[in-house]
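Here's the structure we're looking at; comments come further down.
So you know, we letter chains A, B, ... as the sequences are listed, proteins then strands, and number each from 1. Note: hydrogens, waters and symmetry copies are ignored here, and every other heavy atom, side chains too, is used.
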Amino acid sequence: MAAIVLAGAYAARGTAEPASAYEVPSSPPPSATELATVRDADIALFERRLTEDPESATDRSRLAALYLRRARETGSSLDVERATKEARASLALREGRNEATFGVLASALLAQHDFIGALSAARSLVADDPKSAVNQSLLGEVYLELGKYDEAAAAFTIAEQSPATLGTAPRLARWYELTGRLDQARTMSRYAVRLSVERDDLSPEQRAWFLMRAGDMEAKRGAATIADSLYRTGLAVHPEDYRLLAARARLGAAAGRWRDVIALGESAITTQVEPGTLGLLRDAYLALGDSAQANSYAQAMAASALTQPGPIHRAWGLHLVDHHERLGDVLARVRRELVSRKDVYGYDLEGWTLHAMGRDTEAWSSMTRAVAQRTEDPTLWYHAGVVAAALHKDDIARDFLTRALALNPRFSVRGAAEARAILARLSVATTNVAP
Amino acid sequence: MPARLLALVLALALAPIHAARAHPLHTAVAEFRVAADGTLYLKVRAFSDDFSAAVSKATRTAVLADYRVSDDAVLRYVSNALRVEVAGRRVALALTAQRRDGDVTWLELRAVGVRSLKGAIVRNVLLMEMHADQVNIVKAQYDGRAFTTLFSRADSLKTLP
C-alpha cells in the first residue's frame, strides 16, 4: 500500500492544478536530431565493442536496451527484433549478475506481443529477486496482457508494498485502470509524471510517454481539456510524437472535430502508420463527405494490417466491426488470440463482433467476461449495454449505458448518440408498461 | 557517462506497455513542399534495409556497408517509383541529400520551376515490389494548403486537388 499512499499524498497536493503540474523545464532541451545522434553513437560504440569482444554479456545487454529505446523513438520493428536477439545472446552468455537483461527481454517480447515469451522472462526476473517491486510489477504487467488477473493481482500486491517508482507507477496505474479503479490509476499516472519531471536522465520520448498515459486516464473519464493539455505538454517535450498526435486525434474524434482529426492523424501516420489512426482518418473523411479519401484509407487498411498473420489489432478490429466489414475474419482472429490471451479487450472485441453478426446470446457471454474486472471504460460499458438491450435485458442495459454516459458523455460521437437513443427507447417502454 | 548509464537502466524498466510494435506496417513517406520561388522540395523516408534492397534490385547495383546505396542508384530508383507530373510534364528531381536516422533513410530531393501542385499527377510505388502490404503516404504542401493521400498496390496515379 506504500505506493498508493505516496501517490495519494501527491495527488492531494496536485488536484488544484491539473495541467500546470506538468511544466516543461525552462532550459531548451537538446533537439531530437542531437539526441538521435548521441543514441546512434552509443549503439555504434557497443556494436563495435562487441565485434572486439563478442563474449561480453554486459555490452550485449546494453546494446539490447539501446535498440529497444530506438525502436520506441523511430517505430522500427527491426530494432525490437535486434533487442530480443541481443538480450537472448547476453543471457546465453551469462545469467548470473545479468538479471536486468531479463527485463529488457521481457519488454522487447511484450512489444512484439509475444506474451508467453515475456512471461517466461519476467518469471526469471522475479525468481532472482522476488522482493523487487519493479520485477513484480513487470510480471504483473505481463499477466495483465494475458488476462490472468488473479496472478497479476498477486504480483502487484507485492509491488504495492514499496513506494512507487518510475519503474512501478505506470504498471500499477495500468492494473488499477483495468480493474475498476480509474481514480487510483489517474492518481498514480499523475504521480509518475511528477517523478519523471524530477529526473534529468530520461529521454524526451520517455517523458512524453508518461504524459500520454496521464492524458489517457483523463480522456477516459471525459476530462478532455485536461487530457488535451497533457498531450500538448507531451508534444512540447517530444515534438511530432506519433502516439501523442494520435491521442489528440482520438480526442478530436470523440468530439466530432473531424478536421482536427485529419490534421493530427495525418501528422501521426507520417512517423508511424498505426492501424487505429488509419481508422480514425477514414471516419473523419466519411463524416466530412469525402468518400474518395475515406476509401483510400479503407484500401490501405485492407492492403496492410489485414494481410498480416497473427492476432488482429484491437482498435482496427473494432473499426471494422463498427463498419460491419469482414466480421468473420475479425471473429476468427480474435478467437485464435483468446486461446492464449483471455483479456477483457479480447472478449470485448469478440462480443462486439458477435453482436454485429446478430449472435447476441453468444455476444452476451463474451461481454460478461469483458466487464468482469469492473473496468471503468465507457466503450466497454456501451458495448455491454447495447448487447443487453438487444437481448431485452432492459435493466442491465440501462445500467451499463447510464454508467457509460455518466463517466464520459462524449466518449464517441456515434456510441454516445446510440446509448442515448437506447436509453430513451427503454424509458418509453418503461412508461408504456407502467400502470 | 553515469547519467547516461542510469538512463539506460531505466529504459529497461520503463518500456511502454503498449509499444504498438506487434503490427509493423511497411510504409514509405514522401513529403512535397512548393516554395514561393518555385522550388519543389521532396523528402522521402523509408526503412533502410528495404530501401537499399529495392534500389539494388532495380538498378542492379551493390548495397554498400550498413545498407547504404549510391546517390546515382537512389536517384534512378526514386525517379522511377515516385513520379510527379505537372501540366502534363514529368518533374525532374535532383537528389540533394541522403542521411540515416537509425534504421531509417531520409532522402532530400528538389526540382525547380514548379509553382503549384494543383492538378499534379502523382504516383508513389516505392518498395511495393518488396511487400504486398506496402502502404505509402504522400503529403503535399502547396498554395497554402496541405493534402495527404495514400498509395497501396491497387492504386496507380492520383491527381492532387
Side-chain angles (χ1 to χ4, degrees), chain A residues 33 36 39-40 42-43 62 65-66 68-80 100 103-104 107-108 110-113 134 138 141 145 166-167 170-171 174 200-203 206 209 243 262-263 266 269-270 272-275 293 296-297 299-300 302-305 307-308 310-311 313, chain B residues 1-31 43 45 47-50 66-67 99-104 106 128 131-140 146-155 158-159 161:
Chain A
T33 307
R39 177 203 64 208
D40 289 344
D42 285 346
I43 288 175
R62 287 173 180 171
L66 282 165
L68 203 53
R69 178 184 150 194
R70 190 167 68 183
R72 287 198 300 267
E73 292 170 358
T74 66
S76 166
S77 54
L78 203 60
D79 271 335
V80 179
V104 184
S107 295
L110 269 177
Q112 294 173 85
H113 283 205
V134 173
L138 179 60
E141 177 188 357
E145 293 296 337
L166 275 182
R171 293 177 169 120
R174 180 69 174 156
D200 61 3
D201 54 0
L202 297 183
S203 70
Q206 286 173 321
W209 184 78
R243 302 159 308 180
I262 290 168
E266 289 184 341
I269 62 170
T270 303
Q272 174 82 13
V273 177
E274 202 271 324
Q293 281 287 77
S296 174
Y297 281 95
Q299 200 168 297
S304 52
T307 62
Q308 294 190 348
H313 188 285
Chain B
M1 194 68 177
R4 278 168 60 191
L5 280 178
L6 184 54
L8 203 63
V9 172
L10 270 168
L12 317 186
L14 300 181
I17 295 166
H18 295 293
R21 298 282 174 270
H23 301 270
L25 301 184
H26 295 110
T27 186
V29 181
E31 296 180 68
K43 284 205 309 192
R45 186 182 71 110
F47 282 105
S48 305
D49 53 344
D50 286 344
D66 197 24
Y67 301 118
R99 64 182 171 83
R100 286 283 295 275
D101 176 12
D103 282 339
V104 174
W106 284 93
M128 286 198 186
H131 304 291
D133 62 349
Q134 182 80 22
V135 171
N136 292 336
I137 299 168
V138 167
K139 297 187 80 167
F147 180 76
T148 299
T149 190
L150 304 184
F151 286 82
S152 53
R153 270 194 178 180
D155 292 309
K158 291 193 176 184
T159 304

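- Here the shortest heavy-atom pairing between A:Q272 and B:R45 reads N-NH2, 4.3 Å.
- With a threshold of 4.5 angstrom between heavy atoms, B:D155 approaches chain A through its backbone and through its side chain.
- Options B:T27, B:V135, B:T148 differ in how many heavy-atom pairs under 4.5 Å they form with chain A, and the most are formed by B:T148.
- There is no contact between B:Q134 and chain A, counting heavy-atom distances below 4.5 Å.
- A:Q299 touches chain B through backbone and side chain together, each having a heavy atom under 4.5 Å away.
- The contact between A:I269 and chain B is made by backbone and side chain atoms together, counting heavy-atom distances below 4.5 Å.
- Contact annotation for B:I137: only side-chain heavy atoms (C-beta onward) come within less than 4.5 Å of a heavy atom of chain A.
- For chain B, the option among A:L78, A:D40, A:T270 with the highest count of heavy-atom pairs below 4.5 Å is A:T270.
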